[in-house]
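In what follows, every chain begins at residue 1, and chains take the letters A, B, ... in the order their sequences are listed.
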2 protein chains.
Amino acid sequence: MTNTAVLTQHTFETIEWTPDGVVMIDQTRLPRETVFVTCRDYIEVADAIRNMIIRGAPAIGVAAAMGVAIGALQSDNLDADMPVICETLAKTRPTAVNLFWAIDRMKSVYASVRHLSLDQVRERLVTEAQKVRDEDIAINESIGRHGAPLVPDGKTVLTHCNAGALATAGFGTALGVIRAAVQAGKKIDVFADETRPFLQGTRLTAWELQRDGIETTIITDNMAGHFLKSGRIGCVVVGADRIAANGDVANKIGTYSVAVLAKENHVPFYVAAPISTLDLTLSSGDQIPIEERAAKEVTEVRGISIAPEGIKVANPAFDVTPNRYISGIITERGVATAPYTESLRRLAKNA
Amino acid sequence: MTNTAVLTQHTFETIEWTPDGVVMIDQTRLPRETVFVTCRDYIEVADAIRNMIIRGAPAIGVAAAMGVAIGALQSDNLDADMPVICETLAKTRPTAVNLFWAIDRMKSVYASVRHLSLDQVRERLVTEAQKVRDEDIAINESIGRHGAPLVPDGKTVLTHCNAGALATAGFGTALGVIRAAVQAGKKIDVFADETRPFLQGTRLTAWELQRDGIETTIITDNMAGHFLKSGRIGCVVVGADRIAANGDVANKIGTYSVAVLAKENHVPFYVAAPISTLDLTLSSGDQIPIEERAAKEVTEVRGISIAPEGIKVANPAFDVTPNRYISGIITERGVATAPYTESLRRLAKNA
C-alpha cells in the first residue's frame, strides 16, 4: 500500500461556470477519454443530468443550480420562465434530493430579489449557483475531516459506485473521507465495486483514485461479500442520493446488498453525505422514489449487445438501505448515529 | 407469467462425442453466435475447459471424461500416456470437483481393463465417457423431480450464474429444478443475475430459458438484494462447483452474497447439484481451492476496455457459502438438509 498520494494532481473540475456556459467533464466517456462538454442553455444542462454526463447527488445539485442561472441569463421574462426552467430541471431524475434542494434554493433567492432589475436578478442567481458549487467543495472537505477518524488504519476501505470528486463539485463525500484518511497518514487501500450497469466504480472511482496515487483494486459487485467475509475490509464508505428522516438511505443500486453483507461480517458501514441530502419530509426510505432506467444500460456495454434479443430487464438505479444496517452518517456537521430520527434532526438544525 | 414452455425446443447439445472429435457449443460466443467447436485431441479439450468454451461443473466433468477417451484413442502406449493425459486435464481448472471425479472414474475403468487389447481398452474408455454424459442428463432430471416441489408457486425464482443445460450434459441442475417446476404446472418466472465478469446469467441462462419460453428477467448482480427484499422472490436456486462434507458450497463468485441476502429476507436458498459434486474428503469449505482468473475478464467486455489502464483487479471465480445459509441441497438422490455432515454422508452412501 502506498500513501504517497499527490492530491494536487487532482486538477480536473467536475463542473464549472464559464462565460461560454456550464462546462462539465463528460462522465459517460471516462476513463477512455477526458472530454469536457459545454452546456449553453438550461435544456442542455437538463439533458446532461438526464443522460448522466454529470451524475452523483451533490454534483447534480450544482448542475441544477447552474441550469437555473443560465436559464435566467437567457430569459427576458423571469416570472414567466422561472417555473418552466425549474420544472424542466426537476424532471430530469427523481431520486437524488439534492436536485430539488438546489432548485428550491435558487427559487428562494429569486423570490427574495425579484423586485430588483433584471440584470441584478440575473447576477444574483449566477452568484448563488457559483456559491452552491464552492460551498459543496468546502462541505466535502468537512465531511472528510469528520469521517477520517472512523477509517481503520492498515486495512482496505470498500466503496460502491462513485461518491468522489466526480459526484460532487470536488473532493467527494465517500472518497473525501478516504482522501482525508490518507492525508491523515493512514495506510489504507481501496476496493471499488465496479457498479453495474453504469460502471461508476470501474470507470470513475478507479480513475479518480488512480490519479491521486491511492492504491485501488477493482472488483465486480458480486465479489464484495467474499471480501467482506475475508477480513481484509476495515470499513465500507458510500455516498447517498436521499436520506429519510429515520436514516434510511437511498443510494446507487447494490448499496443495500453491501450494507447487509457488511453487517453480517461485523464490518462498519458508513454513509457520507452533505446535509442537503437529507429529506426530513419523508419519515422512512419506503417513500423515496426509485428511478427505473433504460434496459439497454444492462443489455449493452459501450453500445455492444451482451444479451439475447428481446429479453426482459429490470434496471432500478437505486435501492434503499434501512437505517439498522448503517453504523454512521457522516455529514459536514458531524457524524449521526442511531437513533437517526433524533441525530439527523439535531444536525439539520445546527446550521 | 407464461407457462407454455415448449421444452422440446431445447435441441442444442452442450457436448457430444462424434467421429470427428468432442463437439461443444462455444459458450464464450453465446448468445450472439451459436457456434460449435470440435476438439480433435485431449489438448484441445483441456484448452476448451481452461478457456471456458465449456464451463459448469457437471459439463466440465463430461468434457474431462471425453478428453481422457479421445486421448486414449490417439495413444499407442496407454500405460505411459494415461497419466499425462489425466494430469493435463486435471490442471485446467481447480475448483469444480466434478473434473477430478470424472478423471478418477476414467482412471478406475482403465485400471480394470488394462489387461485387455488396446482396441478393447479404447472402446471401453469411449463407452464410459459417453456413459458419464448420458448419466448426467438422467441425474439432472432426477434433481428436477426432487427440487420442483420446493419451488413456491406464483412467485419468482432467482438464480445466479448458469446451472442449466449449458452447465451440464443437458436439462441443468438449478435450471433443471426450474424446468421441472414449470413442467409440473407452477406459475413461476425467473430473475437471472447477469453474473459478472463472465456474464453467464445474461449470456447463457437468459438464452436457455428464453428458448424454453420460460419468462426471464435479467438483473445486474447488485440488484439481487433489492429484489430479495421486495418480497417477489419465492426462492433462490443455484448450482455448485464443490460441496464439502459439512455442506459448505463453492459456487460462482457472488453466490455467497445472494445466500446472505436471501437469509436476511427469509427467502429459501437451495443448491442443486449431483452427488459427484460432493467432496467428502474436505471437512469444510475453507479447504476448497478458489481459482483466480485473469484481470482482463473484469477490465474488458468483448475485448473492449472499460477500466483505467494499469488499475489493479481481483478476480476470484468462486466463493464459499457456509452451510448455515443453505435451506437444502437438492441431489439426484433426494434433498439434504441440516445437519449436512449426516445428510450428505447418507445420500453419498445410497448409491
Residue part contacting chain B, namely of A:V258, when any heavy atom lies under 4.5 Å: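 Neither part.
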
Chain B contact via A:P31 - side chain, backbone, both or neither, heavy atoms under 4.5 Å:
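The side chain, not the backbone.
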
Under a 4.5 Å heavy-atom cutoff, which of [options] has the most pairs with chain B?
options	value
A:L204, A:T321, A:N222, A:I306	A:N222
A:I311, A:D221, A:V260, A:V301	A:I311
A:F227, A:F191, A:F318	A:F227
A:T220, A:T195, A:D193, A:I253	A:I253
A:R302, A:E264, A:H160	A:E264
A:A307, A:P322, A:A314	A:A314

* Asked: Going by the salt bridge (Lys or Arg N to Asp or Glu O under 4.0 Å) test, which pairs reach into residues 307-325 of chain A, not counting sequence neighbours?
  ->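 Checked against salt bridge (Lys or Arg N to Asp or Glu O under 4.0 Å) - neighbours excluded - the pairs reaching residues 307-325 of chain A are A:K312-B:E215.
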
Winner by heavy-atom pair count (cut-off under 4.5 Å) against chain A, out of [options]:
options	result
B:G310, B:P316, B:P197	B:P316
B:T216, B:V298, B:T299	B:T216
B:A192, B:S257, B:A224	B:S257

Electrostatic pair B:E300:B:K296 at N-O distance under 4.0 angstrom:
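Salt bridge: no.
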
Hits for salt bridge (charged side-chain N to carboxylate O under 4.0 Å, His left out) against B:R93, two or more places apart or cross-chain, chain-then-number order -> B:E291

Could you tell me whether the side chains of [X] and [Y] share a donor-acceptor contact shorter than 3.5 Å?
X	Y	value
A:N162	A:R55	yes
A:T156	A:D189	yes
B:D26	B:T28	yes

Open item on the list: Using side chain to side chain contact (heavy atoms under 4.5 Å, CB included), reason through A:T34 and A:W207 one step at a time and then give a plain yes or no.
Closed with: CA-CA 11 Å; A:T34 309; A:W207 181 81; 4.2 Å; yes

Whatever's closer than 4.5 Å to a heavy atom in chain A on B:N265 counts as side chain

Original post:
Counting only N and O atoms by type, is there a donor-acceptor contact under 3.5 Å from the side chain of A:T255 to the main-chain atoms of A:K252?
Top reply: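 Yes; judged by distance alone, with no hydrogens or angles, the pair exists.
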
